[in-house]
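Remarks on the structure that follows.
Each residue takes its place number in the sequence, starting with 1.
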Amino acid sequence: MGAIKCIGILTSGGDAPGMNAAIRAVTRTAIYNGFKVKGIMRGYKGLITGEIIDFTSSSVSNIIQKGGTILKTARCPEFREAEGRQQAYENMCKAEIDALVVIGGDGTITGAQTLAREFDVPIVALPGTIDNDLSGTDSTIGYDTALNTIMEAVDKLRDTATSHERLFFMEVMGNTAGYLALNGALASGAEAAIIPEMETETDQLKNLIDNGFRKSKNSAIVLVAENPATGGAMGLAERVKKEFPQYDARVTILGHLQRGGSPTASDRILASRLGAAAIAALKDGQRNVMIGIHNMEMVYVPFSKALGRSKQVNKDKVELVKILSI
Ligand code: ATP
């Protein structure tokens with residue numbers, strides 16, 4: 001592949017607040033540096049169907065504050081198949097796109113890695129997921145906004161939990177990672193977080209009850225990461241009903257609320273920096289890397305590292321949540 005003249009941009013997988021700020025930053029930095037930009041609709045689906053549009057600076061006006069993604073997003077099973085990716089590559093060539101910036105989570109980056117391996121396409125990925133479950137980056141686009149949404153929800157739930165003296169399990173997203181649950185608990189003063197990372201080490205529910213979470217309180221809010229293995233908040237409430245029937249346990253599932261809303265300042269700044277860094281990376285001849293943030297600096301993370309499981313939740317925070325809720 002020769003010199004890059006035109007960059008295609010897409011958002012894929014679950015939407016995350018701040019994706020629009022990233023689209024804006026990629027588009028405008030690219031144009032500033034003399035590249036043409038094309039927007040690809042509905043993630044990899046748009047590459048396969050050829051839904052590709054020319055982008056100008058004004059295409060991304062007035063979007064920095066908006067949640068969701070103006071490029072739309074989709075799950076695209078066809079892209080998992082070789083024929084789908086062949087079609088995607090042909091449409092890229094037809095549209096004269098020389099390089100891609102993809103914004104999404106681990107599935108999106110896995111797809112990018114495969115496309116880059118099969119065809120000679122420079123691809124840079126930006127971590128766009130509320131789950132914060134990508135390695136090599138301290139944070140992902142949308143994570144901070146989702147965390148704030150969770151914090152506000154717990155603040156509201158607290159009113160009814162204290163009035164009725166109930167135990168509430170609030171289930172949050174995370175795609176089997178505990179970042180949202182654990183940091184949501186710290187930020188909101190919840191009594192505990194039950195996270196998949198501790199699942200095999202200890203019976204977190206039994207610990208919670210054994211520690212006598214009601215010694216000095218008449219209510220409790222426990223943040224529970226979604227986890228098919230335990231059935232999440234519903235699974236825990238069922239267990240309480242059977243094993244600890246003295247407690248009046250209720251469940252709140254925050255669900256897709258966590259995906260919405262105007263991005264926080266922190267997410268907008270992160271998305272803007274990552275977007276600009278994606279273009280700098282392509283100019284530098286980098287390919288097949290995710291841009292991450294580490295210790296406040298932009299870093300290039302090979303796809304294989306981003307998809308690895310090297311990032312760990314700080315389990316000391318589980319103890320801190322407990323200490324701070326006595
Ligand atoms: P989130 O973390 O928010 O769920 P994600 O990017 O992980 O976002 P996925 O639905 O897992 O979301 O992946 C997005 C898209 O990436 C898929 O719909 C599919 O088109 C593509 N993709 C995922 N896994 C693969 C794979 N193994 N091979 C090729 N393409 C893939």
Side-chain angles (χ1 to χ4, degrees), residues 129-133 139 143-259 309 311-326:
T129 167
I130 64 167
D131 303 327
N132 197 25
D133 61 344
S139 190
Y143 171 62
D144 184 66
T145 306
L147 211 45
N148 277 279
T149 300
I150 291 167
M151 182 182 73
E152 285 165 23
V154 175
D155 290 349
K156 291 196 166 80
L157 196 62
R158 179 80 65 192
D159 294 342
T160 178
T162 48
S163 300
H164 276 282
E165 304 186 308
R166 275 177 179 147
L167 163 61
F168 266 94
F169 292 112
M170 181 190 276
E171 183 174 303
V172 299
M173 286 184 168
N175 187 26
T176 71
Y179 296 97
L180 284 173
L182 188 51
N183 287 310
L186 260 185
S188 62
E191 276 65 25
I194 294 190
I195 57 173
E197 289 85 346
M198 304 279 284
E199 194 54 44
T200 51
E201 285 171 34
T202 175
D203 185 340
Q204 298 173 85
L205 177 64
K206 190 166 179 309
N207 285 352
L208 177 73
I209 306 284
D210 288 351
N211 287 334
F213 67 90
R214 279 195 165 183
K215 266 185 197 140
S216 60
K217 298 183 177 191
N218 292 326
S219 66
I221 297 178
V222 178
L223 287 192
V224 181
E226 61 185 356
N227 185 357
T230 58
M234 291 297 261
L236 289 174
E238 284 301 314
R239 270 192 66 194
V240 169
K241 214 189 266 176
K242 283 192 202 122
E243 297 171 37
F244 312 101
Q246 67 274 32
Y247 295 115
D248 183 15
R250 299 295 161 105
V251 169
T252 296
I253 296 178
L254 264 195
H256 286 81
L257 270 180
Q258 294 161 90
R259 291 258 177 88
R309 284 278 163 246
K311 188 159 87 175
Q312 302 285 330
V313 287
N314 182 345
K315 291 182 184 168
D316 292 346
K317 286 184 182 170
V318 174
E319 188 61 19
L320 183 57
V321 168
K322 202 168 96 187
I323 293 168
L324 297 183
S325 69
I326 55 172

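Closest non-hydrogen pair, Ile221 versus Ala190, comes out as O-CB, 3.4 Å. The shortest heavy-atom contact between Ala181 and Ala193 is O-CB, 3.7 Å. Taking all atoms of both residues into account, the shortest heavy-atom contact from Ser219 to Ala161 is CB-O, 3.1 Å. Scanning all heavy atoms of the two residues, the minimum distance from Arg158 to Gly189 falls at NH2-O, 2.8 Å. Considering every non-hydrogen atom in both Ala225 and Gly178, the closest pair reads CB-CA, 4.4 Å. Ile150 approaches Gly184 most closely through the heavy-atom pair CG2-CA, 4.2 Å.
Contact annotation: the side chain of Leu167 never approaches that of Glu191 to less than 4.5 Å [non-hydrogen atoms, C-beta and beyond]. Put simply, the side chain of Glu171 does not reach to within 4.5 Å of the side chain of Val251, judged on heavy atoms. Side-chain atoms of Phe244 and Leu208, non-hydrogen and from C-beta on, never get closer than 4.5 Å to each other. Gln204 has its side chain within reach of Ile195: a pair of non-hydrogen atoms, C-beta onward, lies under 4.5 Å apart. Residues Pro228 and Thr176 meet the side-chain proximity criterion, which asks for heavy atoms closer than 4.5 Å. With a 4.5 Å cut-off on side-chain heavy atoms, Tyr179 and Val313 count as touching. Using a 4.5 Å cut-off on side-chain heavy atoms (C-beta onward), Phe168 and Val154 make no contact. Counting heavy atoms from C-beta on, the side chains of Arg250 and His164 never come closer than 4.5 Å.
Crowding of Lys315 atom NZ: a count of heavy atoms from other residues, nucleotides or ligands under 6.0 Å exceeding 12.
Summarising the geometry, atom CE belonging to Met234 is positioned 16.0 Å from atom CZ belonging to Arg239; distances are rounded to the nearest 0.5 Å. Residue Met198 holds its CE atom at 11.5 Å from CG of Asp203, rounded to the nearest 0.5 Å. Atoms OG and CG, on Ser325 and Leu320 in that order, are 9.5 Å from each other to the nearest 0.5 Å. Considering CG of Asn314 and CD of Gln312, their distance stands at 10.5 Å, rounded to 0.5 Å. We find the CG-CD distance between Leu205 and Glu243 to be 6.5 Å, quoted to the nearest 0.5 Å. Rounded to the nearest 0.5 Å, atoms CG (Asn183) and OH (Tyr143) are 3.5 Å apart.
A donor-acceptor pair is defined here as one N or O able to donate and one able to accept, closer than 3.5 Å; such a pair exists between the side chain of Gln258 and the backbone of Met173. Side chain of Lys311 to backbone of Asn132: a donor-acceptor contact under 3.5 angstrom is found. Judged purely by atom type and a 3.5 angstrom limit, Glu226 has no side-chain atom pairing as donor or acceptor with the backbone of Val172. Side chain of Thr149 to backbone of Thr145: a donor-acceptor contact under 3.5 angstrom is found.
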